[in-house]
Amino acid sequence: MGDDEVSDLKQFSVKDKVALTRKRENTEQMKLENSKKRKVKEPNQTSRGRCGEDQQCLKEESTFSISKENPGQGSVTIRWEEEKSQDGVKWKQLEHKGPYFAPSYEPLPDGVHFYYDGKPVKLSLAAEEVATFYGKMLDHEYTTKEVFQNNFFSDWRKEMTAEERKIIKHLDKCDFTEIHRYFVDKTAARKALSREEKQKLKEEAEKLQQEFGYCTLDGHREKIGNFKTEPPGLFRGRGDHPKMGMLKRRILPEDVTINCSRDSKIPEPPAGHQWKEVRSDNTVTWLASWTENIQNSIKYVMLNPSSKLKGEKDWQKYEVARRLKGVVDEIRSQYRADWKSREMKKRQCAVALYFIDKLALRAGNEKEEGETADTVGCCSLRVEHIQLYPEADGCQHVVELDFLGKDSIRYYNRVPVERPVYKNLQLFMENKSRGDDLFDRLTTTSLNKHLQDLMDGLTAKVFRTYNASVTLQEQLRALTRAEDSVAAKILSYNRANRAVAILCNHQRATPKTFEKSMQNLQLKIEAKKKQVAEAKAELKQARAGHKSRGDDRSRSFLEKRERLLEKLEEQLMRLSTQATDKEESKQVALGTSKLNYLDPRISVAWCKRFGVPVERIYNKTQRESFQVCGSRGSSHTSAHPDRTGRR
DNA sequence: TGGTTTACTTAGCACACCGAGA
DNA sequence: TCTCGGTGTGCTAAGTAAACCA
């Protein structure tokens, strides 16, 4: 299957997107009308007014409104504002053991050969190591790609001795199959280890985690997110990445900069080595860094999301989104007015902002050509990425967007836009060729500068967070029914979550095992249906028996049958719900939005209101990240560090 | 002002792990 | 006890955006 076909399969149906956009538009229209009716009011009063119509809604809404209005939360904002003013100081004391280095290369056993042109060739250690990188990936699609093959071969030859280079001249004459088989067998052997052996490995990993996986930050033991250096291998760039297959070098202590406090115990480099640099910069949160050789970018060792530092940053993100809620109507009026501006730059900015707000597009920074896959975001859209239709699908002024976004995931959407937007797009496309920038007067920097003027801390990214959280809230309100079972409520939650994922274009490949596991689930459903039918027949008989005999024994039997039927029907319902959920989620990645875009306070408030245990929505790690404490039906919303800082 | 660098968040994939059910 | 399949976790690429610099 070609890449284009994969992309085709991976796009959401336009119907999903159109339905979602319309739902959001209706809400927006209502809000606009309401705000017109109210005329001039403080922004936060506007948002409260809408919600005040429904007491329960007010409670939920308060989880996503300006913190000044929430007793007790104002202090949190103030505390962080205070911290921010301290010249960006992130910590006072930081101590750690440095990164854990990838194990050195273990040569292949004598019985495993590499063949060139049918003849075994004993490779030098360096060349052999790189050959194993390729051999391991033999059953991966990457190795079928020409760019991957060429980059690999070119970098591999650099690792060869002059002798080897003389022999090995063409990749298609190389035979890595023995190497491949060796690693497949090794994986199988690892899987087949005894319980005790596996336990031993687990204990060793845990020991490593305990030794290198934690640091001390301002006197608190914090978990590190990635304490191991990235092992060498072949670069796996996504989409049509021009550098895929290139050799990712092994990271040595000499490449690593350590960041820790001056008075702490400086981590020891591995024996015989030294660090590139040891510094003490408390305005940054990273513990160690190095520059990787593929794109010359810096890689960092950072804290785990469960850490105080990350938690606070996350909380701040949602606070900014909450502040946006208070001014979003005003911003929308502003960009609508700017659609008619005499200044081209202003018009482009206003139209781009409309896309970012309405379609939750990413900002779209400029990228260096030829260095990465050709992907775009809003500001970097080109003429070739949009099509205009005066009329389509029964709507006027339809725009079709078709481009590759982050991770080369295709964004495809057909959406009716307001007339001035349509007219402006026609104008922006005039006298341009397909490869020209649609918004040629606009950059993400200028857009963000404009947003900064509208609201302190506002950037393009905030609109995604804001619209994602608002969508979740609206969908939860529309879909949840108090009388539903917990399973049905969770289905509603997943549907709301899914609406957000579709809005943000979070896609995933259909799991390889999907068809099979779906088939098995259907079989289970059929079997359960049969059981229900049988139980119904038995119940009927039991009723007749009790009617004719009327004794205690027949009554007891009847009650048992009733309970059995009830149980089976519930099981059937649960299976059907599971099947629906599974089918609807097969190509949608729910985790990304749940983890990065949805204010946990909304989910926790929903759990609390509808008696759904928080642990059914957030797993252990997610609860740790958000500091959400789970308790059946009465979950409290300490979604983040407490007001005084530590949890 | 515009290019570059740095620091951080967001993203999907692969695979290990673990529990349910046969 | 074994198998299957879902979930959780680790990994690292790919974004955003601010700071820096000439």
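Quick note on labels: first sequence line is chain A, next is B, and so on, each numbered from 1.
- Within 4.0 Å (heavy atoms only), Lys198(A) reaches no atom of the nucleic acid at all.
- Val184(A) places none of its side-chain heavy atoms less than 4.5 Å from the side chain of Thr187(A).
- When the P atom of dA13(C) is taken as reference, atom CG of Leu234(A) falls 11 Å away, rounded to whole Å.
- If Arg279(A) and Lys461(A) are placed on DNA chain B by their nearest nucleotide, the residue sitting closer to the 5' end is Arg279(A).
- Contacts of Gly405(A) with the nucleic acid, taken as non-hydrogen atoms under 4.0 Å apart, involve only primed sugar atoms and P, OP1 or OP2.
- Nucleic acid contact class of Lys248(A) (heavy atoms, under 4.0 Å, all strands): sugar-phosphate only.
- A sub-4.0 Å separation between OP1 or OP2 of dA14(C) and a side-chain N or O of Gln295(A) is present.
- Taking side-chain N and O atoms only, Ser297(A) has no distance below 4.0 Å to OP1 or OP2 of dA14(C).
- Rounded to an integer number of Å, the gap from CH2 of Trp286(A) to P of dT12(C) is 19 Å.
- Distance, Lys191(A) NZ to dC2(C) C1': 15 Å, rounded to whole Å.
- Of the listed nucleotides (dA7(B), dT9(B), dA11(B)), dA11(B) has the atom at the smallest distance from the side chain of Tyr597(A).
- A heavy-atom distance below 4.5 Å is found between the side chains of Ser469(A) and Ile602(A).
- Straight-line distance from the CD atom of Glu292(A) to the P atom of dA7(B): 15 Å, rounded to whole Å.
- Residue His506(A) has a polar side-chain atom (N or O) positioned under 4.0 Å from OP1 or OP2 of dA11(B).
- Figure legend: cation-pi geometry between Arg221(A) and Tyr214(A), with NZ or CZ positioned under 6.0 Å from the six-membered ring centre and within 45° of its axis.
- Residue contacts for Lys620(A): at a heavy-atom cut-off of 4.0 Å it reaches no nucleic acid atom on any strand shown.
- With dA17(C), dA13(C), dC8(B) as the choices, the nucleotide that has an atom nearest any side-chain atom of Ala460(A) turns out to be dA17(C).
- OP1 or OP2 of dA16(B) sits under 4.0 Å from a side-chain N or O of Arg190(A).
- Taking side-chain N and O atoms only, His241(A) has a distance below 4.0 Å to OP1 or OP2 of dA14(C).
- Taking atom CD1 on Ile224(A) and atom P on dG10(C), their separation rounds to 13 Å, with Å as the unit.
- In this structure, Arg362(A) reaches the dA11(B) phosphate: one of its side-chain N or O atoms is under 4.0 Å from OP1 or OP2.
- Here the P atom of nucleotide dG10(C) and the CE atom of Met302(A) are 17 Å apart, to the nearest Å.
- Minimum atom distance to the side chain of Asp407(A) is reached by dA11(B), of the listed dA11(B), dT9(B), dG15(C).
- In this structure, Lys299(A) atom NZ and dT12(C) atom P are separated by 7 Å, rounded to whole Å.
- Between Leu381(A) and Phe403(A), some side-chain heavy-atom pair lies under the 4.5 Å cut-off.
- Counting non-hydrogen atoms under 4.0 angstrom, Lys202(A) reaches the backbone sugars and phosphates but no base.
- Among the nucleotides dC13(B), dC11(C), dA14(C), the one closest to the side chain of Lys228(A) is dC11(C).
- No cation-pi contact links Lys248(A) to Phe235(A), judged by a cut-off of 6.0 Å to the six-membered ring centre and 45° from its axis.
- Taking only distance into account, the side chain of Lys406(A) meets the base of dT10(B) through a donor-acceptor pair shorter than 3.5 Å.
- With respect to Glu222(A) and Lys308(A), no salt bridge is recorded, no charged nitrogen being found less than 4.0 Å from a carboxylate O.
- When heavy atoms are screened at a 4.0 angstrom cut-off, Thr375(A) is found touching the sugar-phosphate backbone but no base atom.
- His506(A) and Tyr597(A) have their aromatic ring centers within a separation under 6.0 angstrom.
- Not one side-chain nitrogen or oxygen of Thr445(A) sits closer than 4.0 Å to the OP1 or OP2 atom of dA18(C).
- The phosphate of dG8(C) (OP1 or OP2) has a side-chain N or O of Asn619(A) nearer than 4.0 angstrom.
- Looking at heavy-atom distances under 4.0 Å, Ser289(A) makes no contact with the nucleic acid at all.
- Side-chain N/O atoms of Arg464(A) include one lying less than 4.0 angstrom from OP1 or OP2 on dA11(B).
- Contacts of Asn365(A) with the nucleic acid, taken as non-hydrogen atoms under 4.0 Å apart, include base atoms.
- Nucleic acid contact for Ala373(A): none, since no nucleic acid atom lies under 4.0 Å from a heavy atom of the residue.
- Without hydrogens or angle criteria, His385(A) side chain to Arg382(A) main chain gives a donor-acceptor distance under 3.5 Å.
- Within the nucleic acid shown, Gly364(A) comes within 4.0 Å of sugar-phosphate atoms alone, with no base atom in reach, counting heavy atoms only.
- Take the nearest nucleotide of DNA chain C for Asn304(A) and for Gly377(A): the residue whose nucleotide is more 5' is Asn304(A).
- Distances shorter than 4.0 Å separate some side-chain N or O of Lys317(A) from OP1 or OP2 on dT10(B).
- Nearest nucleotide to the side chain of Lys310(A), out of dA14(C), dA18(C), dT9(B): dT9(B).
- Among the protein residues, Pro231(A) comes within range of the sugar-phosphate backbone only, with heavy atoms under 4.0 Å from sugar or phosphate atoms but none that close to a base.
- Residue Thr592(A) places none of its side-chain N or O atoms closer than 4.0 Å to OP1 or OP2 of dT10(B).
- Base contact: Arg238(A) has a heavy atom under 4.0 Å from a base atom.
- Leu447(A) places its CG atom 11 Å from the P atom of dT16(C), with the value rounded to the nearest Å.
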